[in-house]
Colleague: 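Could you have a look at this structure, given as C-alpha cells, before my questions?
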Amino acid sequence: MQSYVTRAFTLAVMLAASAGLRAPLQAQQATGTIRGRVTDVATTRPISSAQVMIPGTTVGALTDERGMYLLLNVPAGQVTVQATALGYATVEQQINITAGETATVDFALTLSAITLDEVVVTATGETRKKEIGNSVATVNTAEITAPAPRGAEDLLTGRTAGVSIMMNSGQPGAGGTIRIRGNNSVSQGNDPIIYVDGVRIYNGSTPTSVASRQAGSPLQDINPADIERIEVVKGPAATTLYGTEASGGVIQIFTKRGRPGDASWTAEITGGFNNMGHVGPKDDPTGMFINKCRGSDLVTGAGVRFEDPTCPEDGSWLRNGPIQRYNLSVRGGTTDLSYFVSGFYSDEEGVLPTSGTTNGGFRTTLNFRPVASLSIAPSISYTKRTTNWVPDGNNGNGFMLNVTRGPYSNFKSDECTDASVTCVGNGALFSSTSTTKSDHYIAGVTITQTLRDNINNRLSVGYDYNRALIETINPFGHPRVPQGEYYWRDWNRTLLTVDFASTIQNSFGESISSSFSWGGQLFDSRLQNTAAEASDFSGPGQPTLGSGALRNVTADTRQRVINAGFFLQEMVGWKDRLFVTAGVRVDGNSSFGDDFGLQAYPKVSASYILSDHDFWPTDVVETMKLRGAIGESGKAPGAFDAVRTWSPVAGDEGRPGYTPSQIGNPNLGPERTREVEVGFEASALAGRLGVDFTYYNQRTMDALIPVTYPPSLGFSATQLENVGELENNGFEVLVNAGLLRTENVDWRATLNYSRIKSKAVDLGGQEITVLAVARTYIREGYPVPSYFGKKLKNPDAYVDSAPEILEDQYIGPQYPEEIIGISTSVTLYDRLTLDILGEAQRGHYMMNALGYQNSAPTRRVWQPCYDAQRTLEQSGQVTAWDYARCGLSTSFRDYDYWIEPADFFKLRSISLSYDLPAGLIPGTRSATLTLAGRNLFTITDYSGTDPEVSDIGDSAVARRDYYNFPTSRTFTASLRVNF
C-alpha cells in the first residue's frame with residue numbers, strides 16, 4: 001500500500017509542477033485552433049462544464065467558469081462544432097478552419113428541461129439519453145456548487161426521485177442510510193452499488209463504533225468539490241448488465257477532468273459552525289436537560305430536584321461547533337495530455353464536547369492521448385479521516401441516555417452543595433474516548449480505444465482500499481468502569497475491479513442503425529476484520545490490549561468473494577427515433593452453492609421519440625419520449641451462506657471441540673429481482689417545462705430467507721434458502737420548470753415525487769424477526785420491514801384504569817412510502833443566486849424508545865407526560881392514549897404505544913451566492929461569496945428528538961430512536977476564487 005501512496009504523491013508533484021507552465025498550442029501544418037464562449041441565450045450567463053467537440057473526432061474540451069473553451073489540433077477544412085450542456089439543447093455550427101490559424105466560435109444555448117442528446121454512462125459505455133429505455137437521474141454541477149455540501153449524500157438528498165437518504169445521527173462523520181426504490185431484500189442488504197470514475201467502491205459502512213452506535217460511510221470520503229456529476233440508475237430493469245449485487249440500484253460518481261488550455265486554479269475556503277436549537281418536546285423548557293442543565297427547572301414530573309456541577313458554566317451542554325474547509329485544485333493541459341489535481345482539508349466539530357471529524361486528501365487525474373484513437377485516463381485519490389464520537393444510543397455511558405434521564409443518570413457526583421438534591425456528574429461521560437480512523441484509497445485507469453470510427457473498446461481496472469481502526473477507551477478511574485476497558489477493531493476492505501466493454505456500431509441504409517456490445521466484469525472483494533477487548537488495568541495511562549488483566553479476541557474474519565460475468569447487448573435504431581435493446585448478463589459467484597452453476601439476467605427495453613414525427617405538435621410540446629423496460633438483477637448470498645459450518649466450543653476441562661451450526665445448501669443461488677418499468681419524458685413551453693414520469697413494478701424471486709430446521713438434524717443456526725418472494729411498486733414524477741427567464745432574472749424550480757410500496761409476498765412459511773425489542777418483523781402481505789404490536793381499541797376514550805387493547809396488530813412500515821423534494825433557485829442580474837431545497841418524507845413510522853424509557857413511573861422525566869401523570873396520581877381520568885404512554889402502572893407499559901407516524905418536512909439547505917465584480921480581488925478571473933445553511937428547521941408531529949435518527953448498532957434494517965442525538969443546523973460562509 002505504501003507504493004500506492006508514493007506513486008500518488010510523485011504523480012501529484014509532477015502534475016502540480018507542470019501546471020505552472022503554459023499549455024502549448026500544438027498548431028501543426030494541417031490543423032488549426034478554435035476558441036470561444038458558451039452562454040445562456042436568455043440570460044447571457046456563461047455556462048461552465050459545457051462540452052464543445054468536433055463530432056467523429058477525439059477533439060473536444062469543457063468550458064471553464066467563464067464559459068470559455070479552447071480546441072487544439074482541429075483538422076483544417078470544413079468542420080462541425082457541437083456544444084452540449086446538461087439542461088440545454090445541443091447546438092451545432094459549421095466553420096472553415098485554416099491551418100495554423102485560430103477561429104472564434106461562440107455558442108448561445110437554449111434551456112431545455114428534457115435533453116435527449118445528453119450523454120449518460122451505462123454498463124456498455126457512453127449512450128445518448130434518447131436511446132435508453134429506462135430511467136436515469138442526473139445531478140449536475142449547478143446543483144452541486146450552490147448549497148456547499150459536506151459529502152455525496154448531501155448532493156443526492158431531496159434532488160432525485162426514488163432515492164431516500166435518512167440521516168442516522170447528528171454526530172459529525174456519521175453516515176446515512178440510502179435506499180433506491182425501497183427494500184427488495186430481507187437478508188442481503190439494500191444498499192446501491194457505487195462507482196467512482198469507473199471503479200467500483202465499497203458500498204457499505206465501516207463497523208459500528210461501540211460507544212456511539214454509529215458508523216462512517218466511505219461514500220462520504222469523496223470530496224464534493226471534485227465531483228462533476230452523479231448519475232443514478234434506479235432499478236433492475238436498468239441495472240441488468242451490472243449483474244449480481246445491482247438490484248438495489250447503481251450510483252455513478254464522475255469527478256472533474258482536465259481540459260486543454262492554461263493552468264486554471266480554483267481555491268475555496270469555508271468557515272462556519274454547527275448549532276443545535278431546542279432539543280425534544282417543545283413544551284420542555286430545559287430541552288430534555290440538554291439545552292439547559294442549570295437552574296430551578298431541573299426537576300422531574302414527580303418533583304425530584306437534581307443538580308449537575310459538571311454542567312458547563314453557560315448552563316448548556318451545547319456549543320457552536322466550528323467548521324473549516326479548504327479546497328485547492330488545478331486543471332489544464334493540451335489535447336494530448338490534460339490533468340486535474342486537487343487537495344482538500346476539513347475540520348468539523350460537533351455541538352457536543354469532544355465530538356467532531358477531520359478529513360483531508362488529494363485527487364489526481366490524467367487524460368493521455370498517445371494517438372488520436374487511444375485515450376488513457378489514470379486516476380488516484382486518497383482520503384484520511386478521524387472521527388471523534390460521543391457515547392450515544394443504546395449505551396449505558398451514552399450522552400442522551402444519561403443527560404435526559406435527569407437525576408437517574410448513571411453518573412453520580414458528590415460535588416453538589418445542596419444536600420436536598422440528587423447530584424449527578426454527566427461531565428464524566430466525556431472522559432471516554434471513541435475514535436474511528438480511516439484511510440481510503442481509490443486508484444484506477446480507463447483505457448478507451450476507437451477503431452475504424454465504429455468500434456469502441458473500453459477497459460477499466462480499479463482498486464478500492466478501505467481501512468478503519470476503531471477504538472473505544474473508558475479510562476482507568478472511569479466512574480462506571482473504575483478499572484477501565486478498551487475496545488479495538490482493525491477492519492480492512494478491498495475491492496478489485498476489472499471491467500471491459502466493446503461496442504460495434506453499424507448503419508444499414510438511412511433508417512436502420514445497430515449497436516452491438518459485449519464485455520465482462522470481475523470483482524474481487526476481500527475482508528479482514530479483527531476485534532479484541534481488554535479490561536481491568538492496573539493503573540492510569542494509555543491502555544493497550546496487552547496491559548489489561550482480562551483480554552478477549554471477539555472477532556477474526558478473513559473473507560474473499562469473487563464475482564465474474566459477461567454480457568451481450570444489441571440495440572437497433574430506426575430513423576434515430578425508435579430504439580429497441582435486448583441483452584443478457586451471465587454471472588458466477590464464489591458464494592453460490594457448489595451445485596448451483598451460473599445465473600443469467602435478461603433485459604429488453606425500448607425508447608420511442610414520438611415528437612420526431614411530422615404530425616407531432618412541437619409548437620406545444622416540443623419533445624416527447626416514450627420508454628419501457630423489463631430486466632433482472634440479483635443479490636448473491638453471503639460468503640459462507642451456502643456451506644456447512646461448525647462453531648468452536650470448549651469441552652470438558654477446556655478441551656477444544658466444535659458443534660454443528662449451519663446445515664449448508666449446495667444449491668443455494670442468488671435472489672433475482674425482475675422489474676417492469678414504463679414512463680415518458682416531455683418538454684413544453686420552449687423548453688421551460690419538463691416532465692419525467694416513471695411507473696415500476698419489482699418482484700424479487702428466490703429471495704434468500706433464513707429458515708429454521710428441526711433441532712433433530714443437529715444444526716442450531718438458520719439456513720438461508722431461495723424460498724421467498726417480495727414485491728415493490730411505485731411511481732416517480734420529476735417536474736423541471738423555468739418560471740422566469742430574462743436578461744436580469746433567472747428563476748427555476750424542481751419538484752420530484754416518489755411513491756413506494758413494498759410487500760413480502762412469500763416467506764416460505766417463516767416470520768422473520770428483525771429486532772424484537774424494536775417490534776420489527778417481516779411478515780407475508782406487509783411492507784418490508786414493518787412494526788407490529790399492541791394497539792389501543794379506543795385511544796380517545798377517557799379511562800382511569802387499563803384500557804382495552806388489540807394484540808399483535810400491524811402498525812406501519814419503517815421506511816417512507818412517499819418522498820417529496822422541492823427546490824428553487826433565483827439568479828438576479830447575473831450575480832446574486834438564492835438556492836433553496838426542502839424535502840418531505842411521509843407514510844412511515846418510528847419507535848420513540850427514548851420517550852418510553854423517560855416516561856417510566858420510576859423516572860418521570862418526559863415533559864409531555866407530566867400533566868397526565870399528575871392527573872393519574874389524583875385518581876383522575878385521562879385518554880387511553882395518555883394512559884398507555886404515561887400511565888403509572890408498570891405492568892401495562894409497552895414500547896408498542898410509542899410507535900408513531902414519522903412524517904416530516906425538513907429545509908435541507910438554503911444558500912445565497914454573490915459573484916463578485918471582475919478584478920475586485922487582484923489576480924483572479926472570478927470570485928463567488930456564498931452564505932449557506934443546512935437543516936434549518938423541521939416540521940413534524942413525531943414526539944421524539946428527530947424522525948430520521950436511528951441506532952444502527954441495533955440493526956442495519958430495523959429503525960428505532962433509542963437515545964440517538966438529533967441532527968444539528970449548519971451555517972457556513974465560503975469564498976471561491978478562480979485564477
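The chain is numbered in sequence order, starting from 1.
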Colleague: Let's go through T358 and T386 carefully: what are the C-alpha distance in whole Å and the side-chain angles of both, what is the deciding distance for side chain to side chain donor-acceptor pair (under 3.5 Å) to 0.1 Å, and is it a yes or a no?
Modeller: CA-CA 5 Å; T358 301; T386 298; over 6 Å; no

Colleague: T827 and T833: side-chain donor and acceptor closer than 3.5 Å?
Modeller: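 Yes, side-chain donor-acceptor contact under 3.5 Å.
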
Colleague: Closest heavy-atom contact between R213 and G393?
Modeller: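 Closest approach of R213 to G393, heavy atoms only: CG-CA, 4.1 Å.
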
Colleague: Among T357, T433, T436, find the residue that satisfies the side chain to side chain donor-acceptor pair (under 3.5 Å) test when tested with W389.
Modeller: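 Only one of T357, T433, T436 forms a side chain to side chain donor-acceptor pair (under 3.5 Å) with W389, namely T436.
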
Colleague: For E228 and S49, work out which heavy atoms get closest and say how close.
Modeller: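 In this case the closest contact between E228 and S49 is OE2-OG, 2.7 Å.
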
Colleague: Counting only N and O atoms by type, is there a donor-acceptor contact under 3.5 Å from the side chain of R319 to the main-chain atoms of G350?
Modeller: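 Here the side-chain-to-backbone pair exists.
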
Colleague: Salt bridge check, D439 against R385: does any charged N sit closer than 4.0 Å to a carboxylate O?
Modeller: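 Result for this pair is no, no salt bridge flagged.
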
Colleague: Go through the side-chain N and O atoms of S926 and N978 and say whether any donor and acceptor fall under 3.5 Å apart.
Modeller: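 N978 and S926 do have a side-chain donor-acceptor pair below 3.5 Å.
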
Colleague: Checking side chain to side chain donor-acceptor pair (under 3.5 Å) for the pair D297/T286: CA distance, chi angles, key distance, verdict?
Modeller: CA-CA 7 Å; D297 289 328; T286 69; over 6 Å; no

Colleague: Would you check if E153 and L155 make a side-chain contact, meaning some heavy-atom pair closer than 4.5 Å?
Modeller: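 They are not in side-chain contact.
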
Colleague: Using the side chain to side chain contact (heavy atoms under 4.5 Å, CB included) rule, take Q841 and M166 through it: C-alpha gap first, then chi angles, then the decisive distance, then the call.
Modeller: CA-CA 10 Å; Q841 297 187 12; M166 306 182 79; 3.9 Å; yes

Colleague: With a 6.0 Å cut-off on the ring centroids, do F399 and Y963 count as close?
Modeller: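 No: the rings miss the under 6.0 Å criterion.
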
Colleague: Out of the candidates R159, R934, R908, only one should pair with D835 under the salt bridge (Lys or Arg N to Asp or Glu O under 4.0 Å) rule; please name it.
Modeller: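 One option only clears the test, and that one is R159.
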
Colleague: Do K282 and D284 meet the salt-bridge criterion of a basic N to acidic O distance under 4.0 Å?
Modeller: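 No salt bridge links D284 with K282.
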
Colleague: Walk me through it: do N291 and L318 pass the test side chain to side chain contact (heavy atoms under 4.5 Å, CB included)?
Modeller: CA-CA 6 Å; N291 294 90; L318 303 174; 3.5 Å; yes

Colleague: For N426 and D308, does a side-chain donor sit closer than 3.5 Å to a side-chain acceptor?
Modeller: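 Judged by distance alone, the side chains do pair up.
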
Colleague: Would you tell me whether N388 and T354 have side-chain atoms, one donor and one acceptor, within less than 3.5 Å of each other?
Modeller: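 Distance-only check fails for N388 and T354.
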
Colleague: Do N274 and T970 meet the criterion of a side-chain donor-acceptor pair at a distance under 3.5 Å?
Modeller: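 Yes, a side-chain donor-acceptor pair sits under 3.5 Å.
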
Colleague: Looking only at the side chains, is there a donor atom on one of D951 and N394 sitting less than 3.5 Å from an acceptor on the other?
Modeller: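 Note: D951 and N394 side chains miss the donor-acceptor criterion.
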
Colleague: Keeping T138 on the side-chain end and N140 on the backbone end, is there a donor-acceptor pair under 3.5 Å?
Modeller: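 No: the side chain of T138 does not pair with the backbone of N140.
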
Colleague: Given R294 and E313, is the salt bridge (charged side-chain N to carboxylate O under 4.0 Å, His left out) satisfied, shown in steps?
Modeller: CA-CA 9 Å; R294 290 183 182 271; E313 292 185 1; over 6 Å; no

Colleague: Quick one about R969 and N275 (side-chain donor to acceptor, distance below 3.5 Å, no hydrogens or angles considered), yes or no?
Modeller: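 Short answer, yes.
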
Colleague: Measure the CZ-CG distance between R831 and L828 for me, rounded to the nearest 0.5 Å.
Modeller: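 So the gap between those two atoms works out to 12.5 Å.
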
Colleague: List for me each residue that meets ring-ring contact (aromatic ring centres under 6.0 Å, His included) alongside Y845, sequence neighbours excluded, and say none if there are none.
Modeller: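 Checked Y845 against ring-ring contact (aromatic ring centres under 6.0 Å, His included); zero matches.
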
Colleague: Assess R885 against Y897: is NZ or CZ under 6.0 Å from the centre of the six-membered ring, and within 45 degrees of the ring's axis?
Modeller: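 The answer is no, since R885 fails at least one limit relative to Y897.
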
Colleague: Between T928 and D915, does the side chain to side chain donor-acceptor pair (under 3.5 Å) criterion hold? Intermediate values first, please.
Modeller: CA-CA 4 Å; T928 302; D915 293 337; 2.8 Å; yes

Colleague: Working to the nearest 0.5 angstrom, can you tell me the gap between F905 CZ and I939 CD1?
Modeller: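 Rounded to the nearest 0.5 Å, the CZ-CD1 separation comes to 6.0 Å.
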
Colleague: Contact between F254 and Y195 at the side-chain level, heavy atoms closer than 4.5 Å - yes or no?
Modeller: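 With C-beta onward as the side chain, the pair stays apart.
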
Colleague: So, S355 side chain and P353 main chain: donor-acceptor pair closer than 3.5 Å or not?
Modeller: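 No; zero donor-acceptor contacts below 3.5 Å.
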
Colleague: Do the side chains of E817 and K757 get close enough for a salt bridge, i.e. N-O under 4.0 angstrom?
Modeller: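 A salt bridge is present here (some side-chain N lies under 4.0 Å from a carboxylate O).
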
Colleague: Working to the nearest 0.5 angstrom, can you tell me the gap between L429 CG and S409 OG?
Modeller: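 Reported to 0.5 Å precision, the distance equals 7.5 Å.
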
Colleague: Quick one: do E732 and R181 make a salt bridge, cutoff under 4.0 Å?
Modeller: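 Yes, E732 and R181 are salt-bridged.
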
Colleague: Any side-chain to backbone donor/acceptor pair from T940 onto D903? Under 3.5 Å, distance only.
Modeller: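 Checked: pair present.
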
Colleague: For side chain to side chain donor-acceptor pair (under 3.5 Å), just list the numbers for D961 and Y942, CA-CA rounded to whole Å, side-chain angles, deciding distance to a tenth of an Å, and then say yes or no.
Modeller: CA-CA 11 Å; D961 176 7; Y942 175 67; 2.9 Å; yes

Colleague: Does NZ or CZ of K906 lie under 6.0 Å from the centre of the six-membered ring of F904, at an angle within 45° of the ring axis?
Modeller: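 Yes, K906 sits over the ring of F904.
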
Colleague: With distance as the sole test, does T160 use its side chain to make a donor-acceptor pair with the main-chain N or O of V163 at under 3.5 Å?
Modeller: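 Pair absent, no side-chain N/O of T160 close to backbone of V163.
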
Colleague: Using distance alone, with no hydrogens and no angle criterion, decide if S974 and T930 have a side-chain donor and acceptor under 3.5 Å apart.
Modeller: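 Absent: no donor and acceptor within the cut-off.
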
Colleague: Measure from the side-chain N and O atoms of S212 to the backbone N and O of Q214, and report whether any donor-acceptor pair falls under 3.5 Å.
Modeller: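 Judged by distance alone, yes, a pair lies under 3.5 Å.
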
Colleague: Kindly check if the number of other-residue, nucleotide or ligand heavy atoms within 6.0 Å of CG (D314) is above 12?
Modeller: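 Count over threshold, so yes.
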
Colleague: I need the minimum non-hydrogen distance between S786 and P813, along with the two atoms involved.
Modeller: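 Reported closest heavy-atom pair: OG-CA, 4.1 Å.
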
Colleague: With a 4.5 Å heavy-atom cut-off, do L832 and L912 have their side chains touching?
Modeller: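 Counting from C-beta outward, L832 and L912 do come under 4.5 Å.
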
Colleague: If only side-chain N and O atoms count, and only distance matters, is there a donor-acceptor pair under 3.5 Å linking S943 with N848?
Modeller: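 S943 and N848 do have a side-chain donor-acceptor pair below 3.5 Å.
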
Colleague: Side chains of Y895 and Q853: donor-acceptor distance under 3.5 Å anywhere?
Modeller: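 Their side chains do contain a donor-acceptor pair, which is all the 3.5 Å distance test asks for.
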
Colleague: Tell me the closest heavy-atom pair linking L837 and G158, and the distance in Å.
Modeller: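 Scanning both residues, the minimum pair turns out to be CD1-O, 3.7 Å.
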
Colleague: Nearest 0.5 angstrom please: Y914 OH to L931 CG, how far?
Modeller: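 Answer rounded to 0.5 Å: 13.0 Å.
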
Colleague: Strictly by modelled atom types, are N327 and R976 linked by a side-chain donor-acceptor pair under 3.5 Å?
Modeller: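 Side-chain D/A pair, N327 to R976: absent.
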
Colleague: May I ask you to test the F344-S329 pair for a side-chain heavy-atom distance under 4.5 Å?
Modeller: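 The answer is no, as the side chains (C-beta and beyond) never meet within the 4.5 Å cut-off.
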
Colleague: Could you tell me the separation between the CD atom of E839 and the CD1 atom of I819, rounded to the nearest 0.5 Å?
Modeller: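 E839 CD to I819 CD1: 6.5 Å, rounded to 0.5 Å.
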
Colleague: We want to know whether T255 and D226 form a side-chain donor-acceptor pair, criterion being a heavy-atom distance below 3.5 angstrom.
Modeller: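 D226 and T255 do not have a side-chain donor-acceptor pair below 3.5 Å.
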
Colleague: For Y326 and E268, test the side chains for any donor-to-acceptor distance below 3.5 angstrom and give the result as yes or no.
Modeller: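 The answer is no; no qualifying pair exists.
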
Colleague: Just checking W491 against Y202, ring centres under 6.0 Å apart?
Modeller: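 Between W491 and Y202, the centre distance is under 6.0 Å.
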
Colleague: Going by distance alone, is a donor N or O of one side chain under 3.5 Å from an acceptor N or O of the other, for Q324 and T270?
Modeller: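 Absent: no donor and acceptor within the cut-off.
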
Colleague: Heavy atoms, side chains only, cut-off 4.5 Å: are N359 and K384 in contact?
Modeller: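 N359 vs K384: side chains apart.
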
Colleague: Quick check against the 3.5 Å criterion: does N402 have a side-chain atom that pairs as donor or acceptor with the backbone of G396?
Modeller: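 Judged by distance alone, yes, a pair lies under 3.5 Å.
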
Colleague: Verify, without hydrogens or angle tests, whether R959 (side chain) and E948 (backbone) share a donor-acceptor contact under 3.5 angstrom.
Modeller: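 Here the side-chain-to-backbone pair exists.
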
Colleague: Does one side chain, of N854 or T404, offer a donor that lies under 3.5 Å from an acceptor on the other?
Modeller: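 The answer is yes; a qualifying pair exists.
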
Colleague: Working to the nearest 0.5 angstrom, can you tell me the gap between N397 CG and D392 CG?
Modeller: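 With rounding to 0.5 Å, CG (N397) is 11.5 Å from CG (D392).
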
